[in-house]
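Below, chain A is the first sequence line, B the second, and so on; all start at residue 1. The structure presented is a predicted model; accordingly, all values stated were derived computationally and were not measured.
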Amino acid sequence: MPPSFALVDCNNFYASCERVFDPSLRHVPVIVLSNNDGCVIARSEESKALGISMGAPFHEVRGIVHRHGVRVFSSNFPLYGDMSRRVMATLADFTPHMEIYSIDEAFLDLSGMPGRDLADYARCIRETVRKWTGIPVSIGIAPTKTLAKIANRTAKKDAKWNGVFDMRNPSLQGEILHRIAIEDVWGIAGRLGLQLRDAGMDTAGRLRDAHLPSLRRRFGVVIARICQELRGVSCLPLDRVETPRKQILASRAFGTRVTEYQDMAEAVASHAARAAEKLRSQGSTAGAVMTFIRTSPFTIRDAWYQNTTLASLPSPSQDTAILISAALAGLKRIFRKGYRYQKAGVLLLDLTRCGPTQGDLFTPSDPAREDRSRRLMRTMDAVNRRMGRGTVFHAAQGVNGRWRMKAGNLSPAYTTRWSDLPRAR
DNA sequence: TCTGGGGTCCTAGGACCC
DNA sequence: TCTGGGGTCCTAGGACCC
């Protein structure tokens, strides 16, 4: 028996989250913007129909927005994260074998569900998620993850399937795959798509029927694997355990351009602190800190400058103070006056699980100091968790925040802040 | 005036070793 | 006047995903 994967994907997830708590948004076009209200990252069906494309800079679609009364939201990630947890918890009721693939997608392994029609089962999942969370989902079923992605797409695009499409039948696969453009296959985008098209493979069907050894030679293992998956040979197993991140990035575009070192330093310190928080929450330490700054890649009028610097720590750490000072030391090396900076970030690397570490011969360890640091971090995290992010912070992060991002159309934190709880009347 | 943020995996090529 | 071959490890950069 080949395996059966189901891909559950939330429809227009961020836009749907906004709708759950505001019924006036039903049946009207809704869009959600990226940080800084920069570009469009989610669209309701009505907005798609108006021709607003994914990733479009907001200023380019402003005309359509005004003409059609599109409701616009700044991204509200605490809300979306919380809704995602609810959806995933609901799915977990239906199978123990599940991989949370992204904030709005999960693969379920439905192999060996005894005595059930899987499409029926999927319809039941879909209805339950809608009832318990208010979020509409689509479900595709197939013998491999790559095919399940395509099945899901079909479920979503073609209304006659009512949100659930079972593509386990091989002759059905043949039919569908010839209608799927090569760039719509999971793992193939612009660059590879062009190369495959050049080689005569313009649809998923053509890629599936290619000569495997030549494909492997010319395009590498990744494409060969996709080819196998399209043939129904499962190469990508369900990844059930949540693996700790191998690197942690905190970066933001600025609300307004930054020109002064002091503002930049506060921003970099804040990113370092946020990255450190994430680091501790997954129980890791970092061995190296990378700092980067850059001007806008879009504005031709301004001089372009970008630079990156990497600092290894004498010994791995998860102490915010240590990570901030490493990031700031890096910033000093690369900051140049006279540029209009648009973005900065801090990347933590060489992550290892906490525990006994290899000491450095030249920096004798100081157990008392390390213990103090651990207790301080634990306390800070606890306070910020309880009282809200940013209740206690390091002085280097500053308080004026001229660089902080814009969020002009933010919805309330309906589910994560007491004062924003929706009221029923 | 205005263009996101956070990840992963793979590969090629250099450094280094024997 | 003459200078090998092969393995491993690391890193940077490319490509992709949501």
J.: Taking NZ from K343(A) and C1' from dC2(B), how many angstroms apart are they, rounded to a whole number?
T.: 16 Å
J.: By nearest heavy atom, map I248(A) and M54(A) onto DNA chain B; which one lands nearer the 5' end?
T.: M54(A)
J.: Counting distance only, does the side-chain N/O of K278(A) pair as donor-acceptor with the main-chain N or O of L249(A) below 3.5 Å?
T.: yes
J.: Can you check the L348(A) CG to dG6(B) P distance for me, whole Å?
T.: 11 Å
J.: Kindly indicate whether the side chain of R71(A), heavy atoms from C-beta on, has any atom under 4.5 Å from the side chain of E46(A).
T.: no
J.: Under 3.5 Å, is there a donor-acceptor pair between the side chain of Q228(A) and the main chain of C235(A)?
T.: no
J.: Under 3.5 Å for both distances, Watson-Crick or G-U wobble, that's the pair rule; now give the dot-bracket for DNA chain C, with | marking pairs to another strand and [ ] for crossing ones.
T.: ....||||||||||||||
J.: Pick the closest DNA chain B nucleotide for K246(A) and for P57(A) by heavy atoms, then say which residue is nearer the 5' end.
T.: P57(A)
J.: How long is the line joining CG of N36(A) and P of dT1(B), in whole Å?
T.: 17 Å
J.: Check the orientation of F21(A) and Y414(A). Use parallel for under 30°, tilted for 30 to 60°, and perpendicular for over 60°.
T.: parallel
J.: What does nucleotides 9-18 of chain C look like as a protein-contact string, B for base, S for sugar-phosphate only, - for none, at under 4.0 angstrom between heavy atoms?
T.: ------SSSS
J.: Measure CD/E99(A) against P/dG7(B) and give the value in whole Å, please.
T.: 17 Å
J.: Hey, is the side chain of S251(A) poking within less than 4.0 Å of OP1 or OP2 on dG6(B), counting only N and O atoms?
T.: yes
J.: Can you tell me how the ring of Y341(A) sits relative to the ring of Y305(A), calling it parallel under 30°, perpendicular over 60° and tilted otherwise?
T.: perpendicular
J.: Taking CG from L249(A) and P from dG6(B), how many angstroms apart are they, rounded to a whole number?
T.: 5 Å
J.: So, does Q342(A) get its side chain near the phosphate of dG4(B), meaning an N or O under 4.0 Å from OP1 or OP2?
T.: yes
J.: For atom C1', what is the distance between dG4(C) and dC16(B), given to the nearest Å?
T.: 15 Å
J.: Kindly say whether F292(A) contributes a backbone atom to a donor-acceptor pair with the side chain of T308(A) at under 3.5 angstrom?
T.: no
J.: Using a heavy-atom cut-off of 4.0 Å across all strands, would you classify F58(A) as base, sugar-phosphate, or nothing?
T.: nothing
J.: Would you please classify the geometry between the F165(A) ring and the W161(A) ring as parallel, tilted or perpendicular, with 30° and 60° separating the classes?
T.: tilted
J.: Give the rounded distance in Å between these two atoms: NE2 of H59(A) and C1' of dC2(B).
T.: 5 Å
J.: Can you check the F254(A) CZ to dT3(B) P distance for me, whole Å?
T.: 13 Å
J.: Report which part of the nucleic acid A250(A) touches: base, sugar-phosphate, or nothing (heavy-atom distance under 4.0 Å, all strands).
T.: sugar-phosphate
J.: Between R62(A) and dT1(B), is there a side-chain N or O to OP1/OP2 distance below 4.0 Å?
T.: no
J.: When the distance from CD of Q247(A) to C1' of dG6(B) is rounded to whole Å, what number comes out?
T.: 9 Å
J.: Hey, does L230(A) have a side-chain heavy atom less than 4.5 Å from the side chain of I150(A)?
T.: yes
J.: Under 3.5 Å, side chain of S284(A) to main-chain N/O of R353(A), donor-acceptor pair present?
T.: no
J.: More than 12 heavy atoms of other residues, nucleotides or ligands under 6.0 Å from CZ of R206(A): yes or no?
T.: no
